[in-house]
Amino acid sequence: MDRKHYFFIGIGGIGMSGLAKILLQEGHKVSGSDPVPNEETKALTDIGATFYDSQEAGHVTPDIDVVVVSAAIPTDNAELTKATELGLNIVKRPELLNEIITKSRAIAVTGTHGKTTTSSMLAEALIAAGLDPTVVVGAEIDSIGSNSRLGKGEYSVAEVCEYQRAFLDIHPYAAIITNIDADHLDCYKDIDDIKAAFTQFIEQVDPAGFLVYCGDDTNSREVASHYEGIKISYGFNSNNDFVAENVVISENDSRFTVQGLGDFTISVPGKHNILNALASIAAVRETKAEMEAVKGSLAVFRGAERRFQLKGVYQGAPVIDDYAHHPTELAATISAARDRYPSRRIVAVFQPHQHSRTRLLKSDFVSALSAADFVIMPEIYAVRDTAEDVASISSKDIVDSLNVTTPGKALFFTDFPETLEYLIQNTQSNDIILTIGAGPVYKVGDELVQN
């Protein structure tokens, strides 16, 4: 193998860092920059990467073989400009991901919601079954202590995203579609445009492989019809190939039966996680892996980082963090909390992610949040927003809508310190505190449990 020098612009991102780790494990030289050092950049330097905490043209040198960029990097970035001037080989993150995972039989996990949990479940199941997969997912997996691993087995598992049609650079052996919903409407016109992109992705899946899809989801069924290979559906409806039956959800776990395969237990709450487990079970069945090992893996699966993650307890109240940032995900998280803690008051601390998404899906956010007993909202976390987007909506607008229907149901705070102080003063022992959102709202829960 030729040893190459890879330079990552934005190496601290969860997607970029996973690829960088695999390249280091393969023996390549890796360097990169990120203006915000974090746990990922520390982990990378610990295993040999060169890290810069600023982005300057001088970091990009002629000896670099490949420059890797993500969708978050603007075209006028100083390092990207320098790489272009030097004529270096510049690749997008999904292109590099495709190169890494297609060295084996790649199983790509996509969908609007549930990608990270499903790919993590599948990865742990294949590891438990001894198939030694290469893995790249969008969060740290507890069992491997990382968001990626280099395996030597026949299969690889990768989470692939539809944002900016990034998954169209992926050409996998097999795929899982968890669901298809309206999201990323800053780069898609509407749900039909989204379905068209998923259809194009499915047409890139090897027809000699297989497609697993949620048969309960109308959009997924429609897109799956375009695949020419083996199709396997899953869900709660009896017309699916893999059906969850005899479902029992308790405070400690969820149990269900799959006909022909027996009983399964998962420790992560919510019906949506039963669907995620079904997807991984269906995919594992196609690999011919030992199903008893898979059952054991699912029984001890603790979830990926920031997916209904218990951070601690404050004044008797569990503090749980979740990455949900779309109304469907938000509703699923609150529903999971209700299932697991039916007698507790649900306090949802929700920070919306991106002004344009919040504006376009405002009524859906209001509907989802109405299922909580009490709602606290810091200001929206701005991502890829124009000045016009920022001026168009505030978290206070959602709070006001909630209070019209149920006076006193919601509070708006401009920042985290105000939010934290309110929780410190008002949390009750019968509460469950949910910090929810793709931004830094998790810091509220971290600080709360330290009080």
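Here, residue 1 is the first one in the sequence, and each next residue gets the next number.
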Angle class for the His28/Tyr6 ring planes (parallel below 30°, perpendicular above 60°, tilted otherwise)?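 Plane angle over 60°, so perpendicular.
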Given Tyr234 and Tyr213, is the ring pair (Phe, Tyr, Trp, His ring centres under 6.0 Å) satisfied, shown in steps? CA-CA 6 Å; Tyr234 67 90; Tyr213 67 97; 7.6 Å; no
Exercise: do [X] and [Y] side chains pair donor with acceptor under 3.5 Å:
X      : Y      : value
Thr118 : Ser280 : no
Ser220 : Asn179 : no
Asp322 : Gln309 : no
Ser17  : Asn147 : yes

Flag the pair [X] and [Y] as a salt bridge only when some basic side-chain nitrogen lies within less than 4.0 angstrom of an acidic carboxylate oxygen.
X      : Y      : value
Glu26  : Arg3   : no
Arg345 : Asp431 : yes
Glu290 : Lys295 : no
Lys271 : Asp216 : no
Asp373 : Arg338 : yes
Arg255 : Asp253 : yes
Lys42  : Asp46  : yes
Lys443 : Asp446 : no

Check step by step if side chain to side chain contact (heavy atoms under 4.5 Å, CB included) holds for Ile100 and Leu19. CA-CA 8 Å; Ile100 288 173; Leu19 298 183; 3.9 Å; yes
Is it true that the NZ or CZ of Arg285 lies under 6.0 Å from the centre of Phe242's six-membered ring and within 45 degrees of the ring axis?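 Here Arg285 fails the 6.0 Å and 45° test against Phe242.
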Sub-6.0 Å ring centroid separation between [X] and [Y]:
X      : Y      : answer
His326 : His113 : yes
His5   : Phe7   : no
Phe350 : Phe365 : yes
Tyr227 : Phe210 : no

Arg357 vs His353, test: side-chain hydrogen bond (donor to acceptor under 3.5 Å, both in side chains). Steps then yes/no. CA-CA 7 Å; Arg357 174 189 282 120; His353 185 263; 3.2 Å; yes
Donor-acceptor pair, side chain of [X] and main chain of [Y], under 3.5 angstrom:
X      : Y      : result
Ser146 : Ser148 : yes
Glu245 : Phe256 : no
Asp389 : Asp385 : no
Ser335 : Ala331 : no
Asp190 : Asp192 : yes

Residue among Glu329, Glu162, Glu159 satisfying salt bridge (charged side-chain N to carboxylate O under 4.0 Å, His left out) with Lys115: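 When salt bridge (charged side-chain N to carboxylate O under 4.0 Å, His left out) is applied between Lys115 and each of Glu329, Glu162, Glu159, only Glu162 qualifies.
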Crowding at [atom1], [X] (>12 non-hydrogen neighbours, <6.0 Å):
X      : atom1 : answer
Lys92  : NZ    : no
Glu203 : CD    : yes
Glu39  : CD    : no
Lys4   : NZ    : no
Tyr173 : OH    : yes

side-chain hydrogen bond (donor to acceptor under 3.5 Å, both in side chains) between Asn273 and Asn276: does it pass, once the steps are laid out? CA-CA 5 Å; Asn273 277 320; Asn276 294 336; 3.0 Å; yes
Give the minimum heavy-atom separation between Ala139 and Thr116, together with the two atoms involved.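 Heavy-atom minimum between the residues: CB-CG2, 3.6 Å.
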Full working for side-chain hydrogen bond (donor to acceptor under 3.5 Å, both in side chains) between Asp241 and Ser233: CA-CA 5 Å; Asp241 298 311; Ser233 63; 3.3 Å; yes
